[in-house]
Chemist: 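Let me give you the structure first, and then I'll get to my questions.
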Amino acid sequence: QQWPAERSFAEWAKLQHAGDVNVVPHLQNADVVFNSAAEYELSVLKVYAEPLLVAVKAGHPHIQQATELMHILGLLQPLPAASVPSTAILREFIGGSTLMHRLSHKPPLPTTPLPQLHLAEPKWVDLDSQSSQRTGLDLVKSIGIPSNLAIQDIIAVYVNEELLSLNAPVTGKGLVRPLPAATADGLAVYHRTLCFMLHVAARTLFPDRVLHIYHGYGLEGTALGSCYLTGFGADYPIQPDDIGLLRREMTNLISADVQINVVEKPKEELIAYFDGKGEHYSAAYLRTYPLPNILCSELNGFYKISFGPLAPSTGRCEIFALSLSRGDLVLHAPAGTERRRGKEVVRGTTGTADEGYITRDFWRSQTRVRQAIGVRCAGELNQRVLQKDEVHVVQLCEMGFLQSVMDLAGRIYEARQGIETEKPDGEAPEGIQGIQIVIVSGPAASGKTAVAHALSNQLKGLGLHCEVLSTDNYYFDRSSEGYPLGPNNVLHMESIKALQVSKLRQHAAALLEGEAISVPLFDKPSGTVLDQERILQLPPGGLLILEGPNAFHDDLLPDIPRPNKFKVVAAPLASLPLDELTAVPCVMLRLCRHLAQKCLMQGNTPQEALQTWHRLRVCEDSMKFMYRDADAVVCSAQDYELAAFAHALHPLWASMSLTQGHAAHQQMVMAKTSVGMEHQDYTYGVALAGLLAHFAPIKAHSVPNTALLRGFVGGQA
């Protein structure tokens with residue numbers, strides 16, 4: 001506030017007197033006392049206070065107080081303000097607080113409009129030479145299909161690498177490529193169609209109920225990822241008889257082979273339709289949609305916004321199963337053997353509904369938190385962003401993540417103290433005795449490192465001595481002879497054979513004995529071991545936190561018994577749904593994080609980042625799935641992340657546009673990215689640009705520097 005020290009001292013005397021009269025007497029009725037002081041505060045305030053105190057001259061009424069403060073501050077080393085997170089209480093007094101941003105009196109920032117969508121000028125094949133009214137199916141027939149496939153095997157079509165329905169009208173110029181159902185992308189279309197068919201069946205049988213697809217069980221890419229937890233909410237638990245009715249209705253739809261139409265509808269008409277049906281997620285999305293008309297899918301008079309193509313008719317999706325799981329419905333879809341685009345998958349069987357470490361209670365808790373924040377879907381987040389309330393939403397999301405880490409730290413602390421804790425799902429209490437090491441692992445770009453350090457900070461706050469050790473620093477130099485290779489001779493950094501296992505074991509044992517070690521430093525971008533080391537030491541009996549993609553491997557630390565390990569999975573499991581039936585796959589959020597880290601922080605080109613991502617995913621496919629042995633899961637996804645990436649990744653796209661008046665493209669975005677039309681991974685850019693276009697962008701200044709997201713976009717404290 002630019003006051004001189006003399007005025008501050010005078011005001012302080014008045015405040016103290018007023019507090020003694022009006023505040024202190026009432027504090028006796030408090031239920032609890034919260035200590036709002038941090039141990040480091042005086043060291044930071046020294047930098048600000050000393051120049052002011054020196055200016056207080058002899059003879060000033062408060063010179064004695066100034067002298068005493070100078071003496072106290074003289075005992076401390078200064079701490080630069082850059083070390084203080086933007087969410088700290090101290091920031092309220094020295095500036096830079098994101099918590100106070102929404103309460104400031106600064107002029108509001110200009111409203112960030114939703115991206116304007118225009119189609120980039122196409123340059124490939126002329127598709128208008130035969131007819132002005134053609135569909136994707138017409139294109140597939142005109143170019144022919146491979147001899148080993150029938151027309152019934154094709155479920156959608158790529159036009160300029162944009163995935164479209166076979167029933168979607170197509171005009172313009174482009175490269176056409178049919179998509180078989182027996183591919184990873186084809187299975188995604190198959191799954192979306194089954195979800196819509198289940199919605200139509202439920203609406204037909206129970207007109208007053210709204211079906212929600214909560215999420216897939218488990219992790220994507222496994223059999224668990226082919227099962228979808230659905231339901232009508234707490235007010236309408238699924239009954240055993242309902243399963244038979246829904247199964248019969250879906251079977252009838254399949255037998256009738258009803259066409260799923262792609263139609264263009266006025267936005268306002270659809271808002272009224274969805275509000276009337278109680279489908280408020282869909283209506284909320286449309287209220288921030290920038291164009292007057294939008295594409296949607298129609299089946300038996302029921303509509304769904306086209307967030308991705310569906311099969312051309314219900315008869316294409318004949319494989320499914322339904323089961324009951326504690327009051328909720330599980331939709332079993334065909335399970336693929338791997339995730340790579342364009343590769344054959346097995347689709348003759350459905351995934352099993354073994355819940356693994358992800359429980360129904362996990363998704364229910366996510367729903368409760370979203371209801372409390374007031375952001376349950378992408379449309380509601382967009383509304384808050386356009387109302388300039390994104391800072392408040394971001395802070396609430398960050399506090400929710402911090403609370404989950406605090407709860408986990410409390411569970412570990414009580415287990416270390418030998419206190420039995422009650423399981424979340426109400427089962428019998430069970431203590432976890434003798435924990436020596438906490439292991440944090442998860443897939444690439446899941447936030448393992450950030451979760452491990454956040455957990456370490458919380459445990460230290462509870463009085464436990466702990467240190468974080470990363471397996472990333474124990475990689476062999478990538479130029480080493482005998483470095484492990486994955487499929488297609490790709491370097492396999494997720495393999496335990498890529499690690500200096502014996503050295504890691506020695507260091508872990510030494511730390512647990514209270515000895516100091518010299519931790520090597522590995523530079524991932526260059527793939528080399530640096531000529532630097534870091535000294536690390538734990539007191540005897542301290543807690544070691546080991547983090548890394550291969551940290552769960554049983555052969556990594558075989559001398560430590562399983563009861564002495566506490567395994568934590570960090571996974572971005574729960575992005576905001578676009579509507580009632582469309583949950584964003586967590587692999588897309590991971591891809592956003594990977595692109596941001598590689599391009600924005602490490603200086604890679606989009607081509608290089610996408611090639612790295614493809615190699616990484618190939619190696620993930622070959623790994624044994626070890627996360628089923630976890631003791632706890634931390635959801636490392638924040639509901640605002642995709643909106644933040646919509647802003648952060650925008651410079652990577654050379655253009656993002658949509659042809660006005662073309663019904664086939666009013667919803668799906670055709671984006672020519674800086675990857676280049678000829679690049680093999682151009683499809684990734686199209687899909688990602690299309691996904692991020694559904695979100696009103698959140699700028700970086702709204703994200704605190706302690707956020708997990710900052711580890712991928714930069715600026716993390």
Chemist: Should the ring pair Tyr474 and His507 be called parallel, tilted or perpendicular, given that the plane angle runs from 0 to 90° and is split at 30 and 60?
Modeler: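 Ring orientation, 0 to 90° scale: perpendicular.
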Chemist: Can you confirm whether Val385 sits close enough to Phe695 that some side-chain heavy atom of one is under 4.5 Å from a side-chain heavy atom of the other?
Modeler: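 No, every pair of side-chain atoms sits at 4.5 Å or beyond.
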Chemist: Any salt bridge linking Glu641 with Arg593? Criterion: basic side-chain nitrogen under 4.0 Å from a carboxylate oxygen.
Modeler: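 Answer for the salt bridge query: yes.
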Chemist: Checking side chain to side chain contact (heavy atoms under 4.5 Å, CB included) for the pair Val440/Val634: CA distance, chi angles, key distance, verdict?
Modeler: CA-CA 10 Å; Val440 180; Val634 173; over 6 Å; no
Chemist: Please answer whether the main-chain N or O of Ala551 pairs with a side-chain N or O of Thr471 as donor and acceptor at a distance below 3.5 Å.
Modeler: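 No, Thr471 side chain to Ala551 backbone: no donor-acceptor pair under 3.5 Å.
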Chemist: I'd like to know if the side chain of Arg590 and the backbone of Ala444 have a donor-acceptor N/O pair within less than 3.5 Å.
Modeler: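 Checking the backbone N and O of Ala444 against the side chain of Arg590, a donor-acceptor pair under 3.5 Å is found.
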Chemist: Check the surroundings of atom CG in Asp20: do more than 12 heavy atoms from other residues, nucleotides or ligands lie under 6.0 Å from it?
Modeler: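 Atom CG in Asp20 is crowded, with more than 12 foreign heavy atoms closer than 6.0 Å.
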Chemist: Report yes or no: does Ser441 contribute a side-chain atom to a donor-acceptor pair with the main-chain N or O of Pro549 at less than 3.5 Å?
Modeler: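 Yes; at least one donor-acceptor contact below 3.5 Å.
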Chemist: To the nearest 0.5 Å, tell me how far Leu469 CG sits from Ser456 OG.
Modeler: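 Answer for the CG-OG pair, Leu469 versus Ser456, is 11.5 Å.
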Chemist: Look at the side chain of Arg368 and the backbone N and O of Gln371, then say whether any donor-acceptor pair between them is shorter than 3.5 Å.
Modeler: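 No; judged by distance alone, with no hydrogens or angles, the pair does not exist.
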Chemist: Supply the atom-to-atom distance Ser636 OG to Leu709 CG, rounded to the nearest 0.5 angstrom.
Modeler: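 Between Ser636 OG and Leu709 CG, I get 11.0 Å after rounding to 0.5 Å.
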Chemist: When Arg384 is tested against each of Ile698, Asp389, Val394, Val391 for side-chain contact (heavy atoms from CB on, under 4.5 Å), which residue passes?
Modeler: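 When side-chain contact (heavy atoms from CB on, under 4.5 Å) is applied between Arg384 and each of Ile698, Asp389, Val394, Val391, only Asp389 qualifies.
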Chemist: In Å, rounded to the nearest 0.5 Å, how long is the span from NZ of Lys565 to CG of Asp631?
Modeler: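 It is 11.0 Å, given to the nearest 0.5 Å.
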Chemist: Could you check whether any side-chain heavy atom of Cys466 comes within less than 4.5 Å of a side-chain heavy atom of Arg416, counting everything from C-beta outward?
Modeler: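 Side-chain contact under 4.5 Å: no.
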Chemist: For side chain to side chain contact (heavy atoms under 4.5 Å, CB included), just list the numbers for Leu688 and Leu595, CA-CA rounded to whole Å, side-chain angles, deciding distance to a tenth of an Å, and then say yes or no.
Modeler: CA-CA 10 Å; Leu688 192 58; Leu595 276 174; 3.2 Å; yes
Chemist: Please tabulate, for the side chains in residues 33-48, all donor-acceptor contacts under 3.5 angstrom to protein atoms that are two or more places apart in sequence or on a different chain.
Modeler:
unit_1 : atom_1 : unit_2 : atom_2 : d
Asn35  : OD1    : Ala37  : N      : 3.1
Glu41  : OE2    : Ala38  : N      : 2.9
Ser43  : OG     : Gln77  : O      : 3.3
Lys46  : NZ     : Glu50  : OE2    : 3.1
Lys46  : NZ     : Leu73  : O      : 2.7
Lys46  : NZ     : Leu76  : O      : 3.1

Chemist: Checking Tyr640 against Gln395: is there a side-chain donor and acceptor pair closer than 3.5 Å?
Modeler: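 No.
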Chemist: Do Ile439 and Phe566 have side chains that approach each other closer than 4.5 Å (heavy atoms only, starting at C-beta)?
Modeler: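 The answer is no, as the side chains (C-beta and beyond) never meet within the 4.5 Å cut-off.
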Chemist: Check whether any side-chain heavy atom of Leu543 sits under 4.5 Å from a side-chain heavy atom of Tyr413, and report yes or no.
Modeler: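 A side-chain contact is absent here, since even the closest heavy-atom pair is not under 4.5 Å.
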Chemist: For the backbone of Ala609 and the side chain of His594, can you confirm whether one donor and one acceptor N or O come within less than 3.5 Å of each other?
Modeler: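 Confirmed, His594 side chain pairs with Ala609 backbone.
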Chemist: Atom CZ of Phe645 and atom CG of Leu652: how far apart are they, to the nearest 0.5 Å?
Modeler: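 It is 11.0 Å, given to the nearest 0.5 Å.
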Chemist: State, to 0.1 Å, how close Pro704 and Glu398 come at their nearest heavy-atom pair, and which atoms those are.
Modeler: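 Residues Pro704 and Glu398, closest heavy atoms: CG-CG, 4.0 Å.
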Chemist: Would you tell me whether Thr288 and Gln383 have side-chain atoms, one donor and one acceptor, within less than 3.5 Å of each other?
Modeler: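 Thr288 vs Gln383: no donor-acceptor pair found between side chains.
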Chemist: Does a sphere of radius 6.0 Å around NE2 in His71 hold more than 12 heavy atoms from other residues, nucleotides or ligands, not counting ones at 6.0 Å or beyond?
Modeler: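 Counting neighbours around NE2 of His71, 12 or fewer heavy atoms of other residues, nucleotides or ligands fall under 6.0 Å, so no.
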Chemist: Kindly list each side-chain donor-acceptor pair under 3.5 angstrom involving residues 515-523, sequence neighbours excluded, with atom names and distances?
Modeler:
unit_1 : atom_1 : unit_2 : atom_2 : d
Asp523 : OD2    : Ser526 : N      : 3.2
Asp523 : OD2    : Ser526 : OG     : 2.5

Chemist: Look at the side chain of Asn382 and the backbone N and O of His694, then say whether any donor-acceptor pair between them is shorter than 3.5 Å.
Modeler: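 Here the side-chain-to-backbone pair exists.
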Chemist: Report yes or no: does Lys460 contribute a side-chain atom to a donor-acceptor pair with the main-chain N or O of Glu467 at less than 3.5 Å?
Modeler: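 Checking the backbone N and O of Glu467 against the side chain of Lys460, no donor-acceptor pair under 3.5 Å is found.
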Chemist: To the nearest 0.5 angstrom, please state how far the CG atom of Leu455 sits from the CD atom of Glu547.
Modeler: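 Output value for this atom pair is 11.5 Å.
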Chemist: Compare all side-chain heavy atoms of Asp639 with those of Phe401 and state whether any distance is below 4.5 angstrom.
Modeler: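 No, their side chains stay 4.5 Å or more apart.
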Chemist: What verdict does the side chain to side chain contact (heavy atoms under 4.5 Å, CB included) test give for Leu557 and Leu546, after you've listed the backbone C-alpha separation in whole Å, the side-chain angles of each residue and the deciding distance to 0.1 Å?
Modeler: CA-CA 10 Å; Leu557 298 174; Leu546 182 70; 3.8 Å; yes
Chemist: How close do Ala445 and Pro572 get, heavy atom to heavy atom, and via which atoms?
Modeler: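 For Ala445 and Pro572, the tightest heavy-atom pair comes out as O-CG, 4.5 Å.
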Chemist: Can you find a heavy atom in the side chain of Asp559 that is under 4.5 Å from one in the side chain of Arg505?
Modeler: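 Counting from C-beta outward, Asp559 and Arg505 never come under 4.5 Å.
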Chemist: How many angstroms lie between CE in Met406 and CG in Leu402, if you round to the nearest 0.5 Å?
Modeler: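 Answer rounded to 0.5 Å: 5.5 Å.
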Chemist: Do Leu544 and Gln436 come within less than 4.5 Å of each other through their side chains, counting heavy atoms only?
Modeler: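 Answer no - side chains too far apart.
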Chemist: For the pair Lys598 (side chain) and Thr612 (backbone), establish whether a donor and an acceptor sit closer than 3.5 Å, ignoring hydrogens and angles.
Modeler: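 Between the backbone of Thr612 and the side chain of Lys598 there is no qualifying donor-acceptor contact (under 3.5 Å).
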Chemist: Would you say that Val584 contacts Leu576 through its side chain, given a criterion of any heavy-atom pair below 4.5 Å between the two side chains?
Modeler: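 When only atoms from C-beta onward are counted, Leu576 and Val584 do not touch, as no gap falls below 4.5 Å.
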Chemist: Can Trp613 and Val587 be said to form a side chain to side chain contact (heavy atoms under 4.5 Å, CB included), step by step?
Modeler: CA-CA 11 Å; Trp613 177 252; Val587 67; 3.8 Å; yes
Chemist: Check whether any side-chain N or O of Glu380 sits under 3.5 Å from a backbone N or O of Arg376 as a donor-acceptor pair, and report yes or no.
Modeler: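 Between the backbone of Arg376 and the side chain of Glu380 there is a qualifying donor-acceptor contact (under 3.5 Å).
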